[in-house]
Amino acid sequence: MRLRHKPWAEEKLMNHPQYVVSEPEKWRGKWHELFGNNHPIHIEIGTGKGRFITEMAKANPEVNYIGIEAYTSVIVTALDRAIDAEVPNLKLLNKNALKLEEFFGQGEIERVYLNFSDPWPKKRHEKRRLTYKSFLKMYEHVLVNGGEIHFKTDNQGLFEYSLMSFSEYGLKLKYVSLDLHNSDFQGNIMTEYEEKFSGLGNRIYRCEVKYPKNEEARVELN
Ligand code: SAM
């Protein structure tokens, strides 16, 4: 993603506390209080410009959504979308997901979305992939028992790697498509990257995986 420096972006995020939570650590274990309801909470890591999370929030008012994006100059567009859509069930965090466990308490989240995550194709960068085992461990901590990861990408190498990583971690595959746009999957909401890369003729891969209900049931293979 080409990043333009936008010096005004930080101030804009600060000026919209109804959408942008600047100190998520303060809400650890209390996100339902912040949303003012007990609806399930779904997070997207690497929200980018926010089309997916905003459309999801519009389509599913009975779910609370939190979009996490490290770059200020990118998430500011997600904020514009949220303001236009007027979605009370959406919050945005301009944070690095490496700190996920500081933001959320154990079992606070029902689902993690990973959309078009950076592939980090070099082996020496494996640990940076959002489907590497240390991330899977972090997600496990903040997810409810039986929580899910929904993942899509146009990068075949990252998809293959992620299926292996999920499997080695003992996650159960609930759904897989090797060509999402030519599948019978209903209700797909396209991300910005998905529109761009499918427009170039790339196939879109998608899967849903589930953590076992009982933590002891997870078979440690590594
Ligand atoms: N999901 C969007 C889409 O499909 O259009 C954006 C995809 S873009 C390739 C990946 C995004 O993930 C980038 O905006 C990047 O800044 C963000 N990102 C990568 N690692 C992250 C992390 N650890 N925490 C927060 N954001 C991250």
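Numbering of ligands and ligand atoms starts at 1, following listing order.
- For residues 82-105, the ring-ring contact (aromatic ring centres under 6.0 Å, His included) pairs, not counting sequence neighbours, are Trp31-Phe104.
- With sequence neighbours left out, the salt bridge (Lys or Arg N to Asp or Glu O under 4.0 Å) criterion links Lys210 to Glu148.
- Residue Phe135 has no nitrogen or oxygen atom sitting less than 3.5 Å from a nitrogen or oxygen atom of ligand 1, judged on distance alone.
- Separation of the Phe197 and Phe116 ring centroids does not fall under the 6.0 Å cut-off.
- Salt bridge absent: Lys137 and Glu140 never bring a charged side-chain N and a carboxylate O closer than 4.0 Å.
- Within the 4.0 Å heavy-atom criterion, neither part of Lys49 lies near ligand 1.
- Ligand 1 has no nitrogen or oxygen under 3.5 angstrom from a nitrogen or oxygen of Glu194.
- Within the 4.0 Å heavy-atom cutoff, Lys95 counts among the residues contacting ligand 1.
- Between Phe116 and ligand 1, a contact under 3.5 Å exists for no N or O pair.
- Nearest to atom 27 (C) of ligand 1 by heavy atom, out of Ser73, Gly46, Ala78, is Gly46.
- Evaluated by nearest non-hydrogen atom to atom 15 (C) of ligand 1, the leading choice among Arg128, Glu44, Glu69 is Glu69.
- Looking only at side-chain heavy atoms (C-beta outward), His181 and Asn188 come within less than 4.5 Å of each other.
- Rounded to the nearest 0.5 angstrom, Asn94 CG and Ile68 CD1 are separated by 11.0 Å.
- Between Ile68, Leu100, Asp118, Val74, it is Asp118 that holds the heavy atom closest to atom 20 (N) of ligand 1.
- Considering backbone and side-chain atoms together, Tyr71 places no N or O closer than 3.5 Å to any N or O of ligand 1.
- In this structure, a donor-acceptor pair under 3.5 Å is present between the side chains of Asn60 and Tyr65.
- The atoms of ligand 1 that sit less than 4.0 Å from any heavy atom of Thr191 are 3 (C), 4 (O), 5 (O).
- In terms of polar-atom proximity, Asn115 is counted as a contact of ligand 1, with an N or O under 3.5 Å from an N or O of the ligand.
- Defined by atom type and a distance below 3.5 Å, a donor-acceptor pair is missing between the side-chain atoms of Arg203 and Tyr205.
- A salt bridge is absent between Arg206 and Glu194; no separation between the charged side-chain nitrogens and carboxylate oxygens falls under 4.0 Å.
- By the 3.5 Å distance cut-off applied to N or O atoms, Ala70 is counted among the residues near ligand 1.
- Every atom of ligand 1 with a heavy atom of Glu192 under 4.0 Å away is listed here by number and element: 5 (O).
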